Amino acid sequence: MIPEGRTEHLLLKPLALADAPQIQAVFPHWEIVKYLAAVVPWPYPPDGADRYLREVALPAMESGSGYHWSIRLAAQPAQIIGCIALFPNNENENRGFWLDPRHQRQGLMTEACAWANDYYFNVLGAQRLRAPKAAANLASRRVSEKQGMRLIHTGEKDYVSGRLPSEIWELTAEEWRAWKARRKSVAGA
Ligand SMILES: CC(C)(COP(=O)(O)OP(=O)(O)OC[C@H]1O[C@@H](n2cnc3c(N)ncnc32)[C@H](O)[C@@H]1OP(=O)(O)O)[C@@H](O)C(=O)NCCC(=O)NCCS
């Protein structure tokens, strides 16, 4: 059973098939997909969210290879504004996320990641989190930077918008705990 998550502003709910219409309505926007890996079909088909849930996300949640949550504002819990996922068994891609552009730049994904990182390290017991991204994806880089991740690899990868310089960022369990402890001591000072 994958639990719900709660943060100051957000409710994270395990993905369910019933989420397909809302995801289909929000996800297929160029601002969201342009720096996602080329496995995302584009143009996005009308049944894209339904197929993704049935064929990818829900089977991964069943088998324990993927942990997927919809992101909702705690104040508007019926409305999906994004998704976040963890993949503890993958080599270089342990976390993925996207947010409705209308809700970006308010610190919400940083908040969701803090919860997801805790789940990844403290509940799943993983020791290392790696997150790939397009080098041009400054918002995603910033989310990683803000939470103490390190750039460990650069290369090239195929994205929805074509072949681009790519990066892998890393965070160990120890680094995450130290980062949280530092923040706590600054907040308490
Ligand atoms: C990446 C993404 C999830 C960030 O979500 P968010 O809720 O806006 O993130 P936050 O507000 O927590 O933090 C974003 C940071 O990037 C900064 N930022 C956002 N857009 C930026 C840009 N174009 N250039 C530079 N910095 C940018 C913000 O100012 C903020 O930094 P700050 O807190 O120092 O001011 C969102 O942009 C998104 O959904 N992008 C499309 C999907 C995607 O690329 N997913 C990641 C694939 S690796």
Side-chain angles (χ1 to χ4, degrees), residues 5-12 15 19 22-44 48-49 52 56-57 66-76 79-87 90-120 128-171 176 179-180 182-183 186-187:
R6 283 174 196 275
T7 68
E8 189 182 351
H9 301 102
L10 302 174
L11 169 63
L12 308 184
L15 277 187
D19 297 334
Q22 284 205 59
I23 293 175
Q24 185 73 35
V26 182
F27 176 75
H29 288 99
W30 184 246
E31 280 308 303
I32 294 178
V33 303
K34 64 181 175 182
Y35 295 136
L36 297 186
V39 290
V40 174
W42 194 258
Y44 202 65
Y52 174 73
V56 181
Y67 295 73
H68 294 260
W69 290 268
S70 60
I71 301 176
R72 299 145 190 263
L73 291 174
Q76 285 169 278
Q79 193 189 331
I80 293 176
I81 62 166
C83 285
I84 187 163
L86 295 169
F87 310 101
N90 288 1
E91 176 66 15
N92 288 323
E93 181 167 12
N94 302 125
R95 193 183 67 196
F97 47 58
W98 62 265
L99 197 69
D100 182 337
R102 290 170 293 189
H103 295 275
Q104 291 180 12
R105 286 182 173 250
Q106 297 167 41
L108 294 178
M109 194 54 80
T110 303
E111 192 172 311
C113 283
W115 185 88
N117 289 0
D118 277 343
Y119 190 83
Y120 184 78
R128 185 192 75 196
L129 187 153
R130 286 186 176 169
K133 55 199 75 208
N137 194 348
L138 298 178
S140 178
R141 293 188 77 196
R142 188 74 195 113
V143 170
S144 290
E145 266 169 11
K146 284 195 286 183
Q147 295 184 325
M149 296 189 80
R150 290 170 286 106
L151 175 62
I152 59 157
H153 176 79
T154 57
E156 278 198 343
K157 233 176 87 174
D158 291 319
Y159 293 91
V160 174
S161 51
R163 192 152 185 89
L164 295 174
S166 66
E167 301 176 340
I168 296 173
W169 289 67
E170 183 179 273
L171 181 69
W176 176 241
W179 183 89
K180 284 194 70 173
R182 271 200 308 279
R183 267 197 74 213
V186 170

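We're numbering straight along the sequence, starting at 1. All figures in this text were calculated on a predicted structure; none of them were measured in a lab. Read the numbers this way: they start at 1 and go in the same order the structure lists the ligands and their atoms.
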Per-pair distances, 0.1 Å, donor-acceptor, side chain in residues 105-116, under 3.5 Å, sequence neighbours excluded:
unit_1 : atom_1 : unit_2 : atom_2 : d
T110   : OG1    : K146   : NZ     : 3.0
E111   : OE1    : H9     : ND1    : 2.8
E111   : OE2    : T7     : OG1    : 2.7
E111   : OE2    : E8     : N      : 3.3
E111   : OE2    : H9     : N      : 2.6
E111   : OE2    : H9     : ND1    : 3.4

Would a distance-only check, ignoring hydrogens and angles, find a side-chain to backbone donor-acceptor pair under 3.5 Å from N94 to R130?
->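 Pair found, side chain donor or acceptor close to backbone of R130.
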
With sequence neighbours excluded, what pairs up with Y35 under the ring-ring contact (aromatic ring centres under 6.0 Å, His included) test?
-> none

When you look for protein heavy atoms under 4.0 Å from ligand 1, which residues do they belong to?
-> E31, I32, L36, F97, W98, L99, Q104, R105, Q106, G107, L108, M109, T110, P132, K133, N137, L138, A139, S140, R142, V143, K146

Between W69 and F97, does the ring centroid distance fall short of 6.0 Å?
-> no

Taking the side chain as every heavy atom from C-beta outward, state whether F87 and H68 have any atom pair closer than 4.5 Å.
->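 Result yes, sub-4.5 Å side-chain heavy-atom pair found.
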
Applying salt bridge (Lys or Arg N to Asp or Glu O under 4.0 Å), name anything that partners R142, two or more places apart in sequence or on another chain.
-> E145

